[in-house]
Amino acid sequence: SDHDLKYPVSPADMDWTQHYPAFAEAHDDDTGVSRKISKQVSVADIGCGFGGLLFALSPKLPDSLILGLEIRTSVTEFVQEKVKALRKQHEGIEAGDAAVPSIASRAAPFQNVSCLRANTMKFLPNLFLKAQLSSIFLCFPDPHFKTRKHKQRIVSTSLASEYAFVMRPGGKIYTITDVEDLHLWMVEHLAAHPSFDRVSDEEVEGDVCVAVMRTETEEGKKVERNGGTKHVAVFRRLPDPEWV
Ligand code: SAM
């Protein structure tokens, strides 16, 4: 059950410095603590499971703060512990290419990933501001096969509107599943939504995030071992129409 979950009243109430301490801004002289973060989370992995995608994306997107959202307590804790362990293991290591002068917006490896326990079907706009996210990943979501369970799928017309709200124009929503029926369902709902436009196959194939999503998620690996098919669809957040 998710009844014990607490959500911030608004994104301004989220203390992201607990998740990304390396990106905390200078300490407050009076209190000695800082609750201000130097950059916003811009990549969200919805239903991140054991975090395979997060850990693979971390070095590929060193300038982005990446957040996994997961409803299961023990799985969330597993990812949080793994983040801690990887950060410790890489302590003191400079991020990026040593030949490039260090960039203030970068930190040591794995400082840019974290995991939060949340039911993403509720309160997503409590966590993220309008137009905050540049990428959302929906990797191998639970299929909910039965028709009466379809309302529990993480893509629907109203959830597409929530994703659109928290995404910036030009941002991308990435979907992958081995269940063809779910693939068609996600494509149907996102394609019908006025805020999204499907990305061409050529662009999809050239996108490094798609390659990572195919090979690095736990489910993606399982499907690979079982010789299943991985259906990918990517959608771009369109600019809002201008009202005159
Ligand atoms: N994305 C991972 C992967 O590809 O390996 C995990 C896929 S797993 C089949 C689906 C995950 O979504 C599970 O870990 C489940 O607990 C999580 N989940 C399901 N409904 C959710 C919700 N409403 N909010 C957050 N996470 C959810």
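Bear in mind that the values here come from a model prediction, so they are computed numbers and not experimental data. Worth knowing before you read on, the calculation uses all heavy atoms, side chains too, and leaves out hydrogens, waters and symmetry mates. Order of listing sets the numbers, starting from 1, for every ligand and every atom in it.
For atom 6 (C) of ligand 1, the nearest non-hydrogen atom of the protein is Gly47 O, 3.5 Å. In terms of protein heavy-atom proximity, atom 24 (N) of ligand 1 is nearest to Thr120 N, 3.0 Å. Residue, atom and distance of the protein heavy atom nearest to atom 19 (C) of ligand 1 are Asp142 OD2, 3.3 Å. Nearest to atom 15 (C) of ligand 1 among the protein's heavy atoms is Glu70 OE2, 3.5 Å. Of the protein's non-hydrogen atoms, Ile71 CG2, 3.8 Å is the one closest to atom 21 (C) of ligand 1. If you check which protein heavy atom lies closest to atom 9 (C) of ligand 1, you get Phe140 O, 3.1 Å. The protein atom (non-hydrogen) at minimum distance from atom 5 (O) of ligand 1 is Glu219 N, 2.9 Å.
On a distance-only criterion, Asn119 and ligand 1 share at least one N/O pair closer than 3.5 Å. Between Ile154 and ligand 1, not a single N/O pair is under 3.5 Å apart. For Asp45, no nitrogen or oxygen atom sits less than 3.5 Å from a nitrogen or oxygen atom of ligand 1, counting backbone and side chain alike. Between Ile46 and ligand 1, no N or O atom pair is found at a separation short of 3.5 Å.
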Applying side chain to side chain donor-acceptor pair (under 3.5 Å), run through His193 and Ser161 and close with a yes or a no.
CA-CA 8 Å; His193 198 283; Ser161 293; 2.9 Å; yes

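The distance from atom OG1 of Thr120 to atom OH of Tyr163, rounded to the nearest 0.5 Å, is 5.0 Å.
Below 30°, between 30° and 60°, or above 60°: for His189 and Trp185 the angle between ring planes is between 30° and 60°, a tilted geometry.
The closest approach between any non-hydrogen atom of Gly220 and ligand 1 is not below 4.0 Å.
Here is the list of ligand 1 atoms found below 4.0 Å of a heavy atom in Ala118: 24 (N), 25 (C). Applying the 4.0 Å criterion to heavy atoms of Glu218 picks out, from ligand 1, the atoms 5 (O).
At a heavy-atom distance under 4.0 Å, no atom of Pro141 approaches ligand 1.
Closest heavy-atom contact between Phe110 and Arg87: O-NE, 2.9 Å.
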